[in-house]
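Letters A, B, ... are given to chains in the order of the sequence lines, protein chains preceding strands, and every chain is numbered from 1.
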Amino acid sequence: MVKIGITEKKDENFSEWYTQTVLKAELIDYSQVKGFIILREYGFSIWENIQSILDKKFKKDGTKNAYFPLLIPESLLNRESEHFKGFTPEVFWVTKTGDNDIENKLAIRPTSETIAYESYAKWIKSWRDLPLKLNFWNSVLRAEIKDTKPFIRTSEFLWQEGHTAHETKEEAEKQVNVMLKLYKDFVNEYLALPILTGKKSDKEKFVGADYTLTLEGIMPDGKALQMGTSHQLGQNFSKPFEISFLGKDEKQHFVWQTSWGVSWRLMGALIMIHGDDKGLILPPKIAPIQVVIIPIYYDEGKKNEIIKVIEKIKEQLDEKGVRSYVDSSEQHTPGWKFNQWEMKGVPIRVEIGPKDLDNDSLVVVKRNSRDKKNIAISDNPADSIIKELEVIQEELFESAKMKHSEMIFKSDEYNELCNRLTNDRGFIKSAWCGSRECEDKIKDETGADVRLIEDEAISSSCIVCGNDATNSVYFAKSY
RNA sequence: CGGGGUGUAGCGUAGCCCGGUUAGCGCGCCUGCUUUGGGAGCAGGAGGUCGGAGGUUCGAAUCCUCUCACCCCGACCA
């Protein structure tokens with residue numbers, strides 16, 4: 001048998017497995033420019049599904065969509081100096097039109113805070129204009145020279161960025177929490193991915209934020225992946241950008257702001273966590289094709305009969321909103337199609353051949369467990385298929401949770417922590433005093449960072465220096 | 001930025017050390033027939049500025065110089 005699928009095993013060579021999977025499942029292709037990828041139609045339709053679900057949730061929370069320009073004048077970008085310093089090494093600049101130099105160079109947006117807030121200052125006049133809650137679906141560019149990986153680290157990425165302005169600190173704080181919860185629910189329920197949530201350390205937070213809340217996943221190679229953030233910006237931008245309003249108290253106040261985002265990194269996590277040696281495994285709720293139907297026949301007469309049955313089933317599935325596809329192409333054998341659609345992660349495969357017709361049955365195969373089951377053609381198969389899809393969604397989340405918990409350890413002894421971080425990787429939960437010195441020491445000695453700080457207070461001593469510690473944190477190496 | 005490596009058809013490669021027919025092979029692609037329940041078979045066919053520029057030579061994929069791109073290992077990094 002020729003080996004033309006994915007040639008590397010997920011646990012043996014994870015990095016190569018990942019690259020082959022994203023390419024061979026036709027999610028992406030590489031572009032001519034390093035660090036940039038092409039999102040192909042199959043990959044894009046996953047992104048569209050993510051978009052449409054999140055978009056509904058955002059709108060329900062009162063956020064509206066808008067679009068801001070790609071190019072940002074330097075003067076705007078550096079108005080908030082901390083923010084500017086954080087991004088400047090990664091900014092792409094436009095310095096020419098044709099052969100002529102541009103007098104004031106323009107940044108290609110690395111994120112839209114500055115250009116949006118310039119406008120917010122004009123639009124917000126009174127407390128009646130608040131809250132202002134806008135979201136942008138766009139792409140941003142941050143130069144990544146090394147270590148690029150499709151979906152995980154690329155110079156251009158698709159994402160959404162929400163930007164809100166509020167009357168009070170408390171309202172902004174509430175917004176930050178609401179968005180974190182919204183993301184978490186989405187990632188759990190639709191992507192079937194377990195995550196940890198918490199606060200970033202000062203070192204790791206978004207430059208320009210008072211604090212950052214984060215969603216962190218753990219990948220099969222034991223490295224953490226930041227999958228979304230929600231920032232309390234406080235008045236760090238409203239002051240330099242002069243976003244102020246006349247309050248009910250008839251005085252001028254600066255607004256309190258938040259920003260929050262998720263990117264196509266979510267797709268990277270989806271691929272890494274659910275995939276197996278045969279390729280992708282997509283959760284039904286996000287899969288562009290939930291059911292692929294493959295006809296099998298040996299002669300023209302049977303072929304017509306089978307096509308007729310398939311059309312009927314397809315119709316039933318369409319009516320119930322199940323996304324299905326009939327692969328009736330004649331250039332490949334059924335065996336080839338089985339492998340192909342498994343590589344592309346379609347949750348359910350339905351096979352119908354002459355033997356099935358004779359028995360009034362069709363074969364239903366689950367991608368995740370590869371269990372085969374016969375169900376009756378005459379007995380409303382669409383309903384059974386829908387039930388199976390629900391089961392698959394559930395099973396994927398359960399198995400992901402299992403793997404997730406196996407990657408989390410606790411430690412209260414420094415050498416053990418270092419050994420774990422170096423050898424086993426994963427998340428290590430420990431107590432930390434909150435000092436930059438201790439954080440840097442672990443980074444220097446193991447390469448790991450503080451991924452998140454847990455909310456609940458504890459009383460313990462720091463794993464590094466032994467001084468008082470008030471919170472548990474998770475250390476990990478990260479992407 | 002420092003060190004190492006690789007560029008030959010859409011993809012994967014042989015040939016290079018030691019210069020000499022028409023640059024070979026596998027996959028894929030096209031045509032036809034037979035096939036189709038776990039990656040089908042046979043027959044015929046199309047497809048190459050050998051990454052680019054310059055040089056040595058009667059003659060360069062092969063030797064020399066420069067250059068570009070990509071990959072790996074380090075340093076740096078929302």
task: Round to a whole Å and report the spacing from NZ of A:K24 to C1' of B:rC11.
output: 10 Å
- prompt: Got more than 12 heavy atoms from elsewhere within 6.0 Å of NZ, A:K96?
  reply: yes
- request: May I have the distance from A:I6 (atom CD1) to B:rG39 (atom P), rounded to whole angstrom?
  value: 17 Å
Solution key, residues 373-380 of chain A side-chain donor-acceptor pairs under 3.5 Å, sequence neighbours excluded:
from	atom 1	to	atom 2	distance (Å)
A:K373	NZ	A:E388	OE2	2.5
A:S378	OG	A:D360	OD2	2.7
A:N380	ND2	A:D383	OD2	3.1

task: Considering only atom P, compute the distance from B:rG15 to B:rA69 and round it to an integer number of Å.
output: 28 Å
message: A:R142: which residues meet the side chain to side chain donor-acceptor pair (under 3.5 Å) condition with it, sequence neighbours left out?
response: none
field: Between P of B:rC11 and CG of A:D29, the distance in whole Å
entry: 10 Å
- prompt: If pairs are Watson-Crick or G-U with both distances under 3.5 Å, what is the dot-bracket string of RNA chain B, marking crossing pairs with [ ] and pairs to another strand with |?
  reply: (((((((..((((......[...)))).((((((.....)))))).....(((((..]....))))))))))))....
- request: Starting at atom CG of A:L23, determine the distance to atom P of B:rG10, rounded to an integer number of angstrom.
  value: 17 Å
- request: Can you tell me, in whole Å, how much space there is between the P of B:rA9 and that of B:rG52?
  value: 10 Å
- request: Determine the interatomic distance between C1' on B:rG74 and the same-named atom on B:rC58; round to the nearest Å.
  value: 49 Å
- prompt: Quantified in whole Å, what is the P atom distance between nucleotide B:rC72 and nucleotide B:rC27?
  reply: 29 Å
query: Can you tell me how far C1' in B:rC71 sits from the matching atom in B:rG48, rounded to whole Å?
result: 24 Å
message: Under the criterion ring-ring contact (aromatic ring centres under 6.0 Å, His included), I'd like the reasoning laid out for A:F186 against A:Y183: C-alpha separation, chi angles, the key distance, then a yes or no.
response: CA-CA 5 Å; A:F186 168 74; A:Y183 286 146; 8.2 Å; no
- prompt: Given the P atoms of B:rG20 and B:rG59, what is the spacing between them in whole Å?
  reply: 15 Å
field: Residues forming a side chain to side chain donor-acceptor pair (under 3.5 Å) with A:E437, sequence neighbours excluded
entry: none
message: Please report the distance separating the P of B:rU21 from the corresponding atom of B:rC33, rounded so that it comes out in whole Å.
response: 41 Å
message: Just to be sure I understand the rule, does A:R265 reach a base, reach only the sugar-phosphate, or reach nothing, if contact means heavy atoms closer than 4.0 Å?
response: nothing
I'd like a table of atom pairs between the protein and nucleotides 29-37 of chain B - only N or O on both sides, under 3.5 Å - with the distance next to each one.
from	atom 1	to	atom 2	distance (Å)
B:rG37	N7	A:Y298	OH	3.0
B:rG37	O6	A:G353	O	3.3
B:rG37	O6	A:P354	N	3.0
B:rG37	O6	A:K355	N	2.7
B:rG37	O6	A:D356	N	3.4
B:rG37	O6	A:D356	OD2	3.3
B:rG37	N1	A:D356	OD2	2.4
B:rG37	N2	A:E351	OE1	3.2
B:rG37	N2	A:D356	OD2	3.2

task: Write down the distance between CG (A:D440) and P (B:rC76), rounded to a whole number of angstrom.
output: 12 Å
- line: Residues passing the salt bridge (Lys or Arg N to Asp or Glu O under 4.0 Å) test with A:K149, sequence neighbours excluded, are none
- prompt: So what does A:T229 touch, heavy atoms closer than 4.0 Å: a base, only the sugar-phosphate, or nothing?
  reply: base
statement: Taken in chain and number order and not counting sequence neighbours, the residues that satisfy side chain to side chain donor-acceptor pair (under 3.5 Å) with A:K174 are none
message: Please give the distance between the C1' atoms of B:rG10 and B:rA53 as a whole number of Å.
response: 27 Å
query: On RNA chain B, nearest-nucleotide positions of A:V207 versus A:E342: which is more 5'?
result: A:E342
message: Once salt bridge (Lys or Arg N to Asp or Glu O under 4.0 Å) is applied, what residue pairs with a partner in residues 225-241 of chain A remain, sequence neighbours excluded?
response: none
query: Would you say A:K169 has more than 12 foreign heavy atoms packed within less than 6.0 Å of its NZ?
result: no
Pairs meeting criterion ring pair (Phe, Tyr, Trp, His ring centres under 6.0 Å) with involvement of residues 207-232 of chain A, two or more places apart: A:F206-A:H231
- request: Measure the distance from CZ on A:R367 to P on B:rG38 and round it to the nearest whole Å.
  value: 17 Å
message: Heavy atoms only, 4.0 Å cut-off, all strands: where does A:K278 land among base, sugar-phosphate and nothing?
response: base
- prompt: Between A:K477 (NZ) and B:rC77 (P), how many Å, whole number?
  reply: 16 Å
